[in-house]
Amino acid sequence: MSAEAADREAVSGSRPCTPPQASWFEFLLDPSLLEQHLQGRHPGICLQQIRNLLREKNYILSDFLFLSFCLIDSLTIPVLNMLLNELLCASRVPPGVKHVDLDLSTLPPTTAMAVLIYNRWAIRTIVLSSFPEKQTKPGPHQLNMMSLVQQEKELTDNILSVLREQAADSITVLEGALNIKKDFYIHTLRTLDLLAADPSTANGETESSTAGLRISADHLHCQVHYDLGGIHFQQGCSDPSVYEKAREHFRMARELLTKLDSSASLCCVDEQRLAGYWSACKTLTEASDPSESQLTPYGQISCFMRNHDYGVKLVVYSFNILFVCLCVLNDRDRSLEEVCHKLCVCNAVRDALEGGVLSVSFHQLLLKPSKNTISFLLEVCTRSLDKEHRSETSKRKMAIFIKTVCNRLEDVSLAFTVSSHKLFMELLHDEEKKILMEQMRKTSATVNLSAKQLPSFYDIPASASVNISQLEQQLILSLDPRHIRQILIELHGMAERPFWRVNSKWEVPVDYVNVILAIKDNLTRDLVYILMAKGLHCISIKDFAHARQLFTACLELVTEFSPKLRQVMLNELLLMEVRGHEAGAAEGNMERPPPDLVSRVRGYLEMRIHVTSQHCSGYLPLRQTVGEECVVFMLNWRENEYLTLQVPQSLVNSNPYIKLGQLIASTCKELPGPKESRRTAKELWEVVVQICSVSSQHKRSSDGRVIMYMIFFISQDDIVNEVTAEHISIWPSSLANLQSVDVEAVVVTLKELVNYALSLNPNNQSWLCTQADIYFVTNQYSAAMHYYLQAGTVCSDYFTKPVPPDVYTDQVLKRMIKCCSLLNCHTQVAVLCQFLREVDYMTAFKALQEQNSHDSMDSFYDYIWDVTILEYLTYIHHKRGESDKRQVAIKAIGQTELNSSNPEEVLQLAAQKRKKKFLQALAKLYF
């Protein structure tokens, strides 16, 4: 023994439970040690040890490979993967050729066997990896091994990923082996030694290929059928039709297993698991086995359940069946609970007819039964009397049982269901019926039936009394994913047709329709379509709670069979979260989005780099609106650093929405310095002009969700037709090719933009002025006045303070004057002419000359403080002979505060007072 081994044995003396670990070089010194090690209680050996062995001494490969196959369950996936690849090399499997392309019948037996061993192991590993494993917590002495364990786990995951990708090829290889009827040979120590001794030997029918351990075709076929059955059974979760293939393979494995001599057999089939697989396949495929059904009670019960024959046939079984079902109920789904309820009902009917005492479980069931349970109970009662118990005694016992049920039911609506049944009418005496009905009426008088909830998921009757139209109505109304699924199961049991067409308002995006309708299973296709359509509807009405439930259920469903639809649902869930957060912001919740949501938005945008570059018909369908709203989300929450600095350039070049978002973010980021920002602003301007050009083939009106600093010009020669806005100085002052711009598209875009901005901040005076300008240039003068006045209101506390001159600029005032003129409110025009920095007497005098004025004329004279205009009014009225109006004008001139000899401060106060009152009067007219 080496010194290192001796030291290790001495140290391990204090821990007798831990066997000494052999170093890799000890196997080289003593080849028999390898066999002893692998046959021991702890045959673990690390991957590095094996690599050292293979590197240092080739002849030991034969010993290690052979002994490893005998202990295949004791080795880890990375170790087995390496060993089996060594076996393929040692067996002269042609390198660089896919196994699926090999003709096994033409290969030497040991070579073909090596290929089959590898592919059987691949399939078996895929199946076993799908089984849940209990995670063991490391002890204190194992903490230093955690990094090695993590490395092995990562290596195992990588190997499993490759095996799953090659699963279809492995299945094809194994299916091809079933067509080979000759015997196979597996390598032994001798055959591997022969290969190692003479590497140049041709791979023909030599001693090295036929001197191995003979494996009969039946032995191999039995194992291959078992392995293929296992992988098809696993695939049945996503494609139920595959269960038929699994059942056929398990059937063949069972038949071959009975032919083989178990004592001499090398076939490693887990017979208990095979029996379980066989039973499960029969149930899932609803296949019957007449011999088994006749021999075992389980077979008979399974047959009854498959045929939905829960009547008298199940009554003959004892309470033991119900007890067993109840014991396993916690590990099963809702359908088993329903079976337990039906068994309990059957036992209760039997007890009633035999004069026995009703069980406690039945009384508990009557405390809160579903309509389904009551419907089934009445069906069993009817069939029991029809088939076996026709005597008067049996009828009387049944009448007593029905009375008991009516008395025990707390739900009055269920009690009325029983009382309206034909058995109640036929079996009970008139006096009994009268007493029971009176009791139910008294009970119903104390119950507010209108306050009861709608029928829940499991209240849907399964009896034939429920017709398809009723179920379809519930399908339309329900927002509970489990409820929807249960309804569809019942509908598909009644009729085979596409129920996703029940409601014409169920719509899914056209991008997804083909993918969903390509689902082969009709029930799954209906369920995916309806869950998505209902979820999208809930988002449209801002019912995000139900939308999340529906989309989550749909995600869980499609994850089982379609990676493409799984990504689609993840994208839709992201869009839902984005819209939910935006909706909250619109309602005043300005809390920043969680970092996880921002990260997911970035992930979606960057995912489009490689997805949009694919042009094949099977690439992932992406909704354009998801990308748009993700960009808008980043803009609204000022993720400018990401859009301007961190976003990949390849994404900017390939995605026009990212490009536009980047330009908007850059322009906003540079707004504090107009001169520095003009280069970016000009680039943004050019992109937007291109979007709004007539030559653009794909014009779309904006949904108004972009940041509000961006604005356009309605470029016309007349200055009064220009739309003004905040930060207008950063934009170019002219257009090179005005004729190419679709002005109508610009107007629509601008309207949508400003409307949405004002919905978020209705008190922004700059946006209110922009809105007024839009109405002005589109000839909607009353609406324009409304928004001009509202802009002044929000910044002057309803005109109790002076309106800032940067809000009511001369240009804004001139537009207000023009609005009033075109509305034939000429006196208002004259008053507004005073508001300009230099009073526009020409316009004022011209307006006062108009006799067809739609305003109240002289009622506005009190708001005029300019004496020149008042003097002109007296002259006009004198000329027209309008003495009353002339007197009003003279009275206004005579007010002492308008005396031109007064100090400037007094005159300014007089003007401000009249401005305030006039604007308040206008607000009453136009608001």
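Because only heavy atoms are used, hydrogens play no part in the values below, and waters and symmetry mates are left out as well, while side chains stay in.
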> If you measure from the Lys or Arg side-chain nitrogens to the Asp or Glu carboxylate oxygens, is any gap between R525 and D521 under 4.0 Å?
Replying inline: no
> Charged N to carboxylate O below 4.0 Å: is that the case for R623 and D511?
Replying inline: no
Just wondering, do [Y] and [X] contact through their side chains at under 4.5 Å, heavy atoms?
{"X": "T156", "Y": "T76", "value": "no"}
{"X": "V515", "Y": "V568", "value": "no"}
{"X": "Y604", "Y": "N571", "value": "yes"}
{"X": "T110", "Y": "I186", "value": "no"}
{"X": "M532", "Y": "M569", "value": "yes"}
{"X": "L491", "Y": "V502", "value": "no"}
{"X": "Y243", "Y": "H232", "value": "no"}
{"X": "P109", "Y": "R214", "value": "no"}

Keeping the roles fixed (side chain from [X], backbone from [Y]), state whether a donor-acceptor pair exists under 3.5 Å.
{"X": "S91", "Y": "L88", "result": "no"}
{"X": "D101", "Y": "V97", "result": "no"}
{"X": "S279", "Y": "G276", "result": "no"}
{"X": "S129", "Y": "T125", "result": "yes"}
{"X": "T524", "Y": "K520", "result": "no"}
{"X": "N81", "Y": "I77", "result": "no"}
{"X": "T559", "Y": "L555", "result": "yes"}

Could you tell me the separation between the [atom1] atom of [X] and the [atom2] atom of [Y], rounded to the nearest 0.5 Å?
{"X": "L128", "Y": "I123", "atom1": "CG", "atom2": "CD1", "value": "11.5 Å"}
{"X": "I516", "Y": "C554", "atom1": "CD1", "atom2": "SG", "value": "7.0 Å"}
{"X": "I530", "Y": "W500", "atom1": "CD1", "atom2": "CH2", "value": "10.0 Å"}
{"X": "Q223", "Y": "I117", "atom1": "CD", "atom2": "CD1", "value": "10.5 Å"}
{"X": "L80", "Y": "W121", "atom1": "CG", "atom2": "CH2", "value": "6.0 Å"}
{"X": "Y118", "Y": "L87", "atom1": "OH", "atom2": "CG", "value": "11.5 Å"}

Side chains of [X] and [Y]: is there a donor and an acceptor less than 3.5 Å apart?
{"X": "D103", "Y": "S105", "answer": "yes"}
{"X": "E572", "Y": "Y512", "answer": "yes"}
{"X": "H99", "Y": "D169", "answer": "no"}
{"X": "S170", "Y": "R120", "answer": "no"}

Heavy-atom pair with the smallest gap, counting every atom of [X] and [Y]:
{"X": "A495", "Y": "I468", "value": "CB-CD1, 3.9 Å"}
{"X": "L220", "Y": "M113", "value": "CD1-CE, 4.0 Å"}
{"X": "C222", "Y": "L256", "value": "N-CD1, 3.5 Å"}
{"X": "A177", "Y": "L104", "value": "CB-CD1, 4.3 Å"}
{"X": "F184", "Y": "A112", "value": "CE2-CB, 4.1 Å"}
{"X": "I126", "Y": "A167", "value": "CD1-CB, 3.8 Å"}

>> Run W278 and R247 through side chain to side chain contact (heavy atoms under 4.5 Å, CB included) and show every step you take.
In response: CA-CA 6 Å; W278 175 243; R247 186 192 69 189; 3.5 Å; yes
> What about the rings of F250 and H225, do their centers lie closer together than 6.0 Å?
Replying inline: no
>> In this structure, is the centre-to-centre distance between the rings of H492 and F499 below 6.0 Å?
In response: yes
> Between D183 and H219, does a side chain to side chain contact (heavy atoms under 4.5 Å, CB included) hold up when you go through it step by step?
Replying inline: CA-CA 9 Å; D183 294 342; H219 278 91; over 6 Å; no
> V242 and F233: side chain to side chain contact (heavy atoms under 4.5 Å, CB included), yes or no, with the steps?
Replying inline: CA-CA 7 Å; V242 181; F233 188 88; over 6 Å; no
> Hey, is CZ on R251 packed in by over 12 heavy atoms from elsewhere, all under 6.0 Å?
Replying inline: yes
>> I'd like to know whether CD of Q272 has more than 12 heavy-atom contacts from other residues, nucleotides or ligands below 6.0 angstrom.
In response: no
> Step by step, would you call V224 with L116 a side chain to side chain contact (heavy atoms under 4.5 Å, CB included)?
Replying inline: CA-CA 9 Å; V224 170; L116 292 176; 5.5 Å; no
